[in-house]
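A quick write-up on the structure given underneath.
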Amino acid sequence: MLDTLQTQLCEDTVFTVVETPVVSLFQDHQLQAENGFSYMERVVSGGSFGFFILFICAAIVVYLQRNSDGIFSAVMKASFDINQASQDARVENSQRSRNMLIIQMVSAISIALFLTAALPHISLNQYSTSELFFPIIGMLSLTVLFRRSLLWFLAQLFDLNSEFRFHRFNLGVFFSAAGLVLLPLSLLLLYSPQIPAIIILYVGAAVGVFFYLKGLQRGISIAISSSSISSLHLFYYFCALEILPIFVLLRFALQQ
């Protein structure tokens with residue numbers, strides 16, 4: 001009996017890992033690998049405080065629009081039409097006077113908010129919106145009250161009650177119009193990353209200068225049309241209350 005010997009050759013299998021380059025899914029396409037956008041570093045926005053102030057202003061504007069008879073269109077028309085302003089100044093209406101006072105309060109808040117948002121862009125000192133807003137609106141309110149009080153004193157001193165009433169109404173109209181225009185600019189300055197801040201600042205400065213010059217032009221027209229106001233008194237008024245404060249503010253801004 002013969003034993004059968006069976007042999008089986010076992011071959012060792014060697015597994016080798018070949019590193020193949022990773023091909024991108026976007027290879028051989030027409031799209032550019034990098035975009036041409038430049039990311040701008042913006043000043044920290046007003047956060048919830050700025051949004052809260054804007055929300056209050058917007059709510060008051062909506063309330064006045066729904067409960068007044070075209071008060072905003074009347075303000076804008078009176079800003080550019082002296083005859084319309086003269087007609088509105090003669091109207092004795094308590095509700096209209098109340099609405100005008102509310103609009104001026106909203107405009108003061110809007111102007112203070114715009115200055116608060118603009119100051120970090122032109123100053124090296126970095127403060128939060130809540131830290132800057134209350135001092136700025138306080139200074140703005142004191143300035144407006146001081147000018148109104150001084151104008152009232154001059155009107156009583158020289159017996160110019162009718163001229164003072166018309167001039168005070170015009171100042172309120174221009175102040176209200178400037179604040180309403182600056183309200184959306186404050187929103188863009190605080191929360192818009194697309195529009196450069198310097199453009200918004202230039203537009204806001206142009207709006208302020210425009211309405212300020214309109215107020216000067218309207219005041220000169222009132223003074224010239226009145227026989228009770230002399231040219232010398234008008235010159236003293238503009239030097240003391242119009243030109244001098246502007247130079248003081250410019251010097252203060254340049255020092256910052």
Side-chain angles (χ1 to χ4, degrees), residues 57 75-76 78-80 82 85-86 88-90 96-116 118-119 132-183 186 204-226 228-256:
C57 294
V75 168
M76 291 301 174
S79 300
F80 296 93
I82 189 172
S86 178
D88 293 341
R90 298 189 184 98
R96 191 178 186 86
S97 301
R98 178 183 63 87
N99 292 336
M100 286 295 298
L101 181 60
I102 295 176
I103 291 178
Q104 292 181 28
M105 294 174 60
V106 173
S107 298
I109 296 174
S110 174
I111 294 173
L113 184 61
F114 182 83
L115 294 176
T116 302
L119 193 59
L132 292 175
F133 177 76
F134 292 106
I136 289 177
I137 194 173
M139 294 177 59
L140 181 64
S141 302
L142 289 176
T143 303
V144 172
L145 290 176
F146 175 75
R147 290 194 59 183
R148 296 289 178 87
S149 302
L150 188 56
L151 285 174
W152 177 84
F153 174 75
L154 294 176
Q156 298 299 320
L157 182 63
F158 297 102
D159 194 15
L160 301 172
N161 292 322
S162 59
E163 289 84 0
F164 167 70
R165 180 182 177 183
F166 188 29
H167 187 54
R168 181 185 62 183
F169 178 80
N170 284 301
L171 291 179
V173 165
F174 290 125
F175 187 80
S176 302
L180 293 176
V181 175
L182 288 178
L183 193 60
S186 301
V207 169
V209 171
F210 173 76
F211 283 107
Y212 179 77
L213 293 178
K214 287 288 293 182
L216 289 181
Q217 181 264 333
R218 190 70 60 85
I220 293 174
S221 300
I222 296 172
I224 292 176
S225 61
S226 176
S228 303
I229 301 177
S230 64
S231 301
L232 182 60
H233 292 162
L234 182 63
F235 175 75
Y236 288 157
Y237 166 77
F238 279 104
C239 289
L241 296 181
E242 301 294 345
I243 300 177
L244 182 61
I246 293 299
F247 280 102
V248 171
L249 291 176
L250 288 177
R251 184 174 180 83
F252 177 76
L254 291 176
Q255 288 179 353
Q256 298 298 319

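Put simply, CG on Asn170 and OG on Ser79 are 9.0 Å apart, with the number rounded to the nearest 0.5 Å. Leu113 contributes atom CG, which lies 4.5 Å from atom OG of Ser186 (distance to the nearest 0.5 angstrom). In this structure, Ser110 OG and Gln104 CD are separated by 13.5 Å, a value rounded to the nearest 0.5 Å. Taking CZ from Phe114 and CG from Leu182, the interatomic distance works out to 5.5 Å, rounded to the nearest 0.5 Å. Taking CG from Leu216 and OG from Ser221, the interatomic distance works out to 10.5 Å, rounded to the nearest 0.5 Å. For the atom pair CZ of Phe169 and CZ of Phe174, the computed distance is 10.0 Å after rounding to the nearest 0.5 Å.
In terms of heavy atoms, Ser176 sits closest to Gly172 at OG-O, 2.7 Å. Closest of all the heavy-atom pairs between Ile137 and Ala112 is CB-CB, 3.7 Å. Looking at every heavy atom in both residues, Phe175 comes nearest to Ser107 through O-CB, 3.5 Å. Looking at every heavy atom in both residues, Ala108 comes nearest to Leu140 through O-CD2, 3.6 Å.
Glu163 meets the side chain to side chain donor-acceptor pair (under 3.5 Å) test with Ser226; sequence neighbours excluded. Residues passing the side-chain contact (heavy atoms from CB on, under 4.5 Å) test with Phe146, sequence neighbours excluded: Leu150. Checked against side chain to side chain donor-acceptor pair (under 3.5 Å), Arg96 has no partners two or more places apart in sequence or in another chain. In terms of the side-chain contact (heavy atoms from CB on, under 4.5 Å) criterion, residue partners of Met76 (sequence neighbours excluded) are, by chain and number, Ala177, Leu180, Val181. Partners of Ser97 according to the side-chain contact (heavy atoms from CB on, under 4.5 Å) rule, which considers only residues two or more places apart in sequence or in another chain, do not exist here. Considering only residues two or more places apart in sequence or on other chains, Phe153 meets the ring-ring contact (aromatic ring centres under 6.0 Å, His included) condition with none of them. A search for side chain to side chain donor-acceptor pair (under 3.5 Å) contacts involving Asn99 returns nothing, not counting sequence neighbours. In this view, Leu132 and Thr116, Leu119, Pro120, Tyr127, Ile136 satisfy the side-chain contact (heavy atoms from CB on, under 4.5 Å) rule, not counting sequence neighbours. For Phe133, the ring-ring contact (aromatic ring centres under 6.0 Å, His included) partners at least two apart in sequence or on another chain are Phe49.
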Exercise for the section: For the pair Leu183 and Ile109, evaluate side chain to side chain contact (heavy atoms under 4.5 Å, CB included) and give the outcome as yes or no after the intermediate values. Expected result: CA-CA 9 Å; Leu183 193 60; Ile109 296 174; over 6 Å; no
Handout entry: Derivation and outcome, side chain to side chain contact (heavy atoms under 4.5 Å, CB included), residues Met100 and Val75
Key = CA-CA 9 Å; Met100 286 295 298; Val75 168; 3.7 Å; yes
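Atom CZ of Arg98 has more than 12 heavy atoms from other residues, nucleotides or ligands within 6.0 Å.
Each salt bridge (Lys or Arg N to Asp or Glu O under 4.0 Å) pair with one or both residues in residues 164-179, not counting sequence neighbours, appears once here: Glu92-Arg165. Sorted by first then second residue, the side chain to side chain donor-acceptor pair (under 3.5 Å) pairs that include residues 146-157, not counting sequence neighbours, are Arg147-Glu242, Gln156-Asn161. Sorted by first and then second residue, the salt bridge (Lys or Arg N to Asp or Glu O under 4.0 Å) pairs involving residues 207-225 (not counting sequence neighbours) form an empty list.
Checking side-chain atoms of Ser86 against main-chain N and O of Ile82 turns up no donor-acceptor pair under 3.5 Å.
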